[in-house]
Number of protein chains: 2
Amino acid sequence: MNHMSIPRVLRTPVPVPQSAHCPRCIVRDACAPAGADASGAGAFDVLAGYRRRLERDETLLRRAQPLVALYVVRLGHLKATRPDRHGQPHVTAFHMAGDLIGLDAICAGHHACTVVALEDSEVCAIPYPEFQDALRASSQLMQRFHCAMSHEIVREQAALIQANTPAAERLAGFLLSLSARYAERGLSPNRFRLHMSRADIGNHLGLALESVSRLLTRFRDLGWIELDKRELVLRDPDKLEALLTAVPA
Amino acid sequence: MNHMSIPRVLRTPVPVPQSAHCPRCIVRDACAPAGADASGAGAFDVLAGYRRRLERDETLLRRAQPLVALYVVRLGHLKATRPDRHGQPHVTAFHMAGDLIGLDAICAGHHACTVVALEDSEVCAIPYPEFQDALRASSQLMQRFHCAMSHEIVREQAALIQANTPAAERLAGFLLSLSARYAERGLSPNRFRLHMSRADIGNHLGLALESVSRLLTRFRDLGWIELDKRELVLRDPDKLEALLTAVPA
DNA sequence: CGGGTTTTTGAACGCACTCAAGTGAAGTGG
DNA sequence: CCACTTCACTTGAGTGCGTTCAAAAACCCG
């Protein structure tokens, strides 16, 4: 295999301190510090030994760039966008700690999305050729990888199904999915920050930003949420949930 | 690995004659007859040696069924549906020859979608445990598989982006995507049959079936298409394409 | 031919959009 | 430190697109 295409910066391992989110990471025990207890480690002991810090608004990768590495978010939040038929960017996903970025690039060999940091963030880079080697070496890693891709497919199916529901359901679903993702990470499911703008939320959900604003206000007036700028408290998640499953008259 | 969970019927290889669409199949040279020229073949020489015929409206697999095998469509057309939050089925995909079915089941170990034949059809079953063995044995197959999953992700992203465009653009995009898929298979891109009902199209695109009907009539009146029942002729695909990329005033 | 399904066509409504104005907070420079 | 700018968000009013409701027409299959 040819590793020559990997930028030099990626090929210089740096110490990667354990993170609270490493247990969710797909390469968790193929990563140097995480598997450090096993002295010798495996063939891929420094698989994720490459970090990258990003400032707010900094671009992790641009659409059409060749696939060099997959990324796992260590810290912070990012958004992925893809241009629509008119060239206007559409927010395809919001990424948080533990998320795997770059799966859409495997197919064509170059990235379909542009990924930008919503706040100061940090990612682990997993050089793709070495990742492929590691997949061959470890059935467990391969299974986890296939699971991750499959999960992404299922998640996007669900998003597609939600895409044509009433605006209130869509927004409630979005808030609850964020809540669930924070819960998975051991964070509070009922109190978190919306790191993205109303415009980003609207764009992602296919709503005008004014609609997002109006709906958040409505949820607040109903006592279902508390909202101060971007700080959110889910005061009555069940009401939001009920909105999704309520019979349509 | 445990093959005991595979129904006996799947474990009985039957001759699978070559099909025009085999070259698109992900397991093409891991399949018995396709690789038959190499006498001995590999460790997975009968990987896809299991067929299943389906009559119109027959169910290939149901949601929540455990993942036993992936399927490749040999012949015919199928639709995949998934219930929305209210239990109403939503058409997530239409499948045709060469398509791989079941990727959404890998994650949870059971299928997320119910798949039904739209006409008399035939699929090859690929027992999943043996498929995993084959992936380990062949880097080429593994790469093709990852490409297929990635492609699915990219395709669903594109569908999500289209989900909030005007109805006419959505329908035009749908017709053109069918056209492109037939072209990939060496069939006419300008003349094909809509194997699904208007209701299925509408459900898939998030439109009322009346809207689909009205738009098809409009396209016909504009001279962009010919339509007789479900037989479609794209008379002016460029006009449909222009609809997608036209600047919004 | 007759019953049921699929498709077409018409009319009126309602949701979410656009347009527009205004508020508020954060950042910048004198 | 305070005017000024800028950006994000909120709120209001009116409109248009795709919906629902309704009915008729066309088609399929026995």
Subject >> With Arg193(A) via side-chain hydrogen bond (donor to acceptor under 3.5 Å, both in side chains) - residues at least two apart >> reply: Glu231(A)
**OP:** Round to the nearest Å and state the distance from His195(A) atom NE2 to dC9(D) atom P.
**Re:** 14 Å
Subject >> Rounded distance in Å - CD (Glu231(B)) to C1' (dA26(D)) >> reply: 16 Å
Original post:
For residues 207-232 of chain B, which residue pairs qualify under ring-ring contact (aromatic ring centres under 6.0 Å, His included), counting only residues two or more places apart or in two chains?
Top reply: Phe219(B)-Trp224(B)
Original post:
Restricting to pairs with a member in residues 170-182 of chain A, which pass side-chain hydrogen bond (donor to acceptor under 3.5 Å, both in side chains), not counting sequence neighbours?
Top reply: His77(A)-Tyr182(A), Asp99(A)-Arg181(A)
Original post:
Which comes earlier along DNA chain D counting from the 5' end, the contact point of Asp228(B) or that of Pro166(B), where each point is its nearest nucleotide?
Top reply: Pro166(B)
**OP:** Please list residues of residues 213-221 of chain B whose heavy atoms come under 4.0 Å from any atom in DNA chain C, ordered by number; otherwise none.
**Re:** Ser213(B), Arg214(B), Thr217(B)
Original post:
Do any N or O atoms from the side chain of Thr92(B) and from the backbone of Ala80(B) form a donor-acceptor pair under 3.5 angstrom?
Top reply: yes
Subject >> Partner set under side-chain contact (heavy atoms from CB on, under 4.5 Å) for Glu226(B), not counting sequence neighbours >> reply: Val233(B), Arg235(B)
**OP:** Identify, with sequence neighbours excluded, every residue that meets side-chain contact (heavy atoms from CB on, under 4.5 Å) alongside Asp200(B).
**Re:** Lys79(B), Val91(B), Phe94(B), Leu118(B), Met196(B), Ser197(B)
Original post:
Within the structure shown, what part of the strands sits under 4.0 Å from Arg230(B) by heavy-atom distance: base, sugar-phosphate, or nothing?
Top reply: sugar-phosphate
Original post:
Using the C1' atoms of five pairs at each end, what's the angle between the two axes of the helix from dC1(C)-dG30(D) to dG30(C)-dC1(D), to 10 degrees?
Top reply: 40°
**OP:** Please list residues of residues 200-212 of chain B whose heavy atoms come under 4.0 Å from any atom in DNA chain C, ordered by number; otherwise none.
**Re:** Leu209(B), Glu210(B)
Subject >> Main-chain N/O of His195(A) paired to Arg230(A) side chain as donor or acceptor, under 3.5 Å >> reply: yes
Subject >> Donor-acceptor under 3.5 Å (Asn203(A) side chain, Pro89(A) main chain) >> reply: yes
Original post:
Excluding sequence neighbours, so at least two apart, what forms side-chain contact (heavy atoms from CB on, under 4.5 Å) with Ala105(B)?
Top reply: Leu67(B), His111(B)
**OP:** Quick one: list whatever passes side-chain hydrogen bond (donor to acceptor under 3.5 Å, both in side chains) with Arg56(B), sequence neighbours left out.
**Re:** none
Original post:
If you measure from the Lys or Arg side-chain nitrogens to the Asp or Glu carboxylate oxygens, is any gap between Arg155(B) and Glu156(A) under 4.0 Å?
Top reply: no
**OP:** Provide the start and end nucleotides, 5' to 3', of the part of DNA chain C that has atoms under 4.0 Å from heavy atoms of chain B.
**Re:** dT6(C) to dA11(C)
Pairs under 3.5 angstrom only: tabulate donor-acceptor contacts from the side chains of residues 57-66 of chain B to other protein residues two or more places apart or in another chain.
from, atom 1, to, atom 2, distance (Å)
Glu58(B), OE1, Glu55(B), N, 2.7
Arg63(B), NH1, Ala112(B), O, 2.8
Gln65(B), OE1, Arg62(B), N, 3.1

Original post:
Under 4.0 Å between a Lys/Arg side-chain N and an Asp/Glu carboxylate O for Arg24(A) and Glu184(A)?
Top reply: yes
